[in-house]
Amino acid sequence: MSYIGSDDFDDEQNKLGEYEGDRNEAGERHGFGKAVLPNGDVYQGHYETGQRHGEGTYRFKNGARYVGDYLQNMKHGQGTFYYPDGSKYEGSWVEDLRQGHGLYTYPNRDTYDGEWLQHVRHGHGIYHHHDTGAEYKGSWVNGKMESAGEYIHTHHQYKGSFVNNYPCGPGRYVFDIGCEQHGEFQQTEQPATVEENGKDMKSQRSPYMASREGTHMLGSAGGAEEDRAEGEWGELSSNTTLKWIPKCITGLTPWTPGRDSTAGEKETASAEEGAENSP
């Protein structure tokens, strides 16, 4: 269910709800007041020339609640939305949409703290997995991990580029024992079988070396009504395979987001090169 605009019963076409509060000379709701709408929702806050405008609290009959700023009947400015499933968004709104900086807490207690654009994660942000402590720091585009980013685990982290929620291209694993493994992720697509297409949930081995969990469930993620929680590694479709191709192991080297360092590759021959040069 979408809550965008579901509080629009209180408009020029429907004035059957009860209202107690201030009015202007034209008889419009103006100032502070409380309205009980025909659908059972309740708004208490400020009005201007008949529209919700300024600070207010809107309570939906299904248990959802918005507390924050309004502009001409739209959520606009700073506000907090409490969803019926227990998730919560605290941050900036633009014309009824999450936009700007905000913190979203999901029902499973995962969090996303970062930039939003037109209701989806977009820009720089940090997604933290509550159960494992893993987190992704980096760029998001239209709700997905994209471009430069790093995935941080307890004893290692991966730094590189992401495409459509997956690692892609050059990158490196950094281990807390003081070494790195440089390499490259390649994505391959395989035709899905009829049996695969008929399953709602699948378990796949994580392509990330030395991950804590090893496997993760894919399919219908248990996210909020308005936004969805991420899987531990993003959601791999059943016909997508990620292949990590190691190249070399080095000491720790500086990393610039969006540009993987190849320092040390000349000093340490890659496994592939060694195999090619062997008699």
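The chain is numbered in sequence order, starting from 1.
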Original post:
Can any side-chain N or O of His76 pair as donor or acceptor with the backbone N or O of Glu95 at less than 3.5 Å?
Top reply: yes
Original post:
Under 3.5 Å, is there a donor-acceptor pair between the Tyr127 and Asp110 side chains?
Top reply: yes
**OP:** Classify the side-chain pair His182/Glu180 by whether it contains a donor and acceptor separated by less than 3.5 Å.
**Re:** yes
Original post:
With a 4.0 Å cut-off, would you call Lys61 and Asp41 a salt bridge?
Top reply: no
**OP:** Apply side chain to side chain donor-acceptor pair (under 3.5 Å) to Lys144 and Asn165, showing your working.
**Re:** CA-CA 5 Å; Lys144 296 182 178 181; Asn165 260 0; over 6 Å; no
Original post:
What distance do Gln44 atom CD and Glu20 atom CD have between them, rounded to the nearest 0.5 Å?
Top reply: 9.5 Å
**OP:** Tell me, yes or no, whether the heavy-atom count around Arg109 atom CZ, taken from other residues, nucleotides or ligands under 6.0 Å, exceeds 12.
**Re:** no
**OP:** Can you measure from OH (Tyr47) to NZ (Lys34) and round to the nearest 0.5 angstrom?
**Re:** 11.0 Å
**OP:** Starting at NE2 of His46, measure out to CG of Asp69 and round the result to the nearest 0.5 Å.
**Re:** 10.0 Å
Subject >> Considering all heavy atoms, the nearest His129-Tyr151 contact >> reply: NE2-OH, 2.9 Å
**OP:** Please report the C-alpha distance between Lys75 and Phe81 in whole Å, then the side-chain angles of each, then the deciding distance to 0.1 Å, and finally whether the side-chain contact (heavy atoms from CB on, under 4.5 Å) criterion is met.
**Re:** CA-CA 10 Å; Lys75 295 180 284 292; Phe81 203 114; 4.1 Å; yes
**OP:** Taking Glu146 for its side chain and Asn164 for its backbone only, find out whether a donor-acceptor pair lies under 3.5 Å.
**Re:** yes
Subject >> Atom pair CD (Gln51) and NE2 (His30), whose distance is rounded to the nearest 0.5 Å >> reply: 12.0 Å
**OP:** Considering non-hydrogen atoms only, spot the tightest contact between Trp116 and Gly102 and give its length.
**Re:** NE1-O, 3.3 Å
Original post:
Between Asp85 and Ser87, does any side-chain donor sit less than 3.5 Å from a side-chain acceptor?
Top reply: yes
Original post:
Do side-chain atoms of Asp22 reach the backbone of Phe32 as a donor and acceptor pair under 3.5 angstrom?
Top reply: yes
Original post:
According to a 4.5 Å side-chain heavy-atom criterion applied to Ile, Leu, Val, Met, Phe, Trp and Tyr, with indirect links allowed, do Trp244 and Ile152 form part of one hydrophobic cluster?
Top reply: no
**OP:** Decide yes or no on side-chain contact (heavy atoms from CB on, under 4.5 Å) for Arg172 and Gln181, but give the supporting numbers first.
**Re:** CA-CA 5 Å; Arg172 56 177 164 148; Gln181 183 183 68; over 6 Å; no
Original post:
Does atom CD of Glu90 have more than 12 heavy-atom neighbours, drawn from other residues, nucleotides or ligands, at distances under 6.0 Å?
Top reply: yes
Subject >> Short side-chain to backbone donor-acceptor contact, Ser92 and Gln99, under 3.5 Å >> reply: yes
Original post:
With ILVMFWY side chains joined below 4.5 Å, transitively, what does Leu71's cluster contain besides itself?
Top reply: none
Original post:
Of all heavy-atom pairs between Arg121 and Trp140, which one has the smallest distance, and what is that distance?
Top reply: O-CB, 3.8 Å
Original post:
Looking at His101 and Tyr89, what are the two nearest heavy atoms and their distance?
Top reply: O-OH, 3.8 Å
Subject >> His124 versus Tyr112, closest heavy-atom pair with distance >> reply: O-OH, 3.8 Å
Original post:
Are Tyr19 and Phe60 joined in one hydrophobic group, where the rule is that I, L, V, M, F, W and Y side chains link up if heavy atoms are under 4.5 Å apart?
Top reply: yes
**OP:** Work out which heavy atom in Thr111 is nearest to a heavy atom in Leu103; give both atom names and the distance.
**Re:** CB-CD1, 4.1 Å
Subject >> Backbone of Arg52 reached by a side-chain donor or acceptor of Asn73 within 3.5 Å >> reply: yes
**OP:** With sequence neighbours excluded, tell me which residues meet side chain to side chain contact (heavy atoms under 4.5 Å, CB included) with Gln187.
**Re:** Val163, Tyr166, Cys168, Leu242
**OP:** Answer yes if Tyr136 and Phe185 sit in the same cluster of Ile, Leu, Val, Met, Phe, Trp and Tyr residues linked by side chain heavy atoms under 4.5 Å apart, and no otherwise.
**Re:** yes
Original post:
Does Arg23 reach the side chain of Arg29, with side-chain heavy atoms less than 4.5 Å apart?
Top reply: yes
**OP:** Determine the interplanar angle of the Tyr58 and Tyr43 rings, folded into 0 to 90°, and report it as parallel if under 30°, tilted if 30 to 60°, perpendicular if over 60°.
**Re:** tilted
**OP:** Starting at CZ of Phe175, measure out to CD of Gln157 and round the result to the nearest 0.5 Å.
**Re:** 10.5 Å
Original post:
So, does His119 use its side chain to make a donor-acceptor pair with the main chain of Arg98 at under 3.5 Å?
Top reply: yes
Original post:
Got a second to check how far Gln72's CD is from Thr49's OG1, nearest 0.5 Å?
Top reply: 7.5 Å
Original post:
Where do Tyr106 and His130 land on the side-chain contact (heavy atoms from CB on, under 4.5 Å) test, with the steps shown first?
Top reply: CA-CA 10 Å; Tyr106 297 85; His130 176 266; over 6 Å; no
**OP:** Look at the side chain of His122 and the backbone N and O of Asn142, then say whether any donor-acceptor pair between them is shorter than 3.5 Å.
**Re:** yes
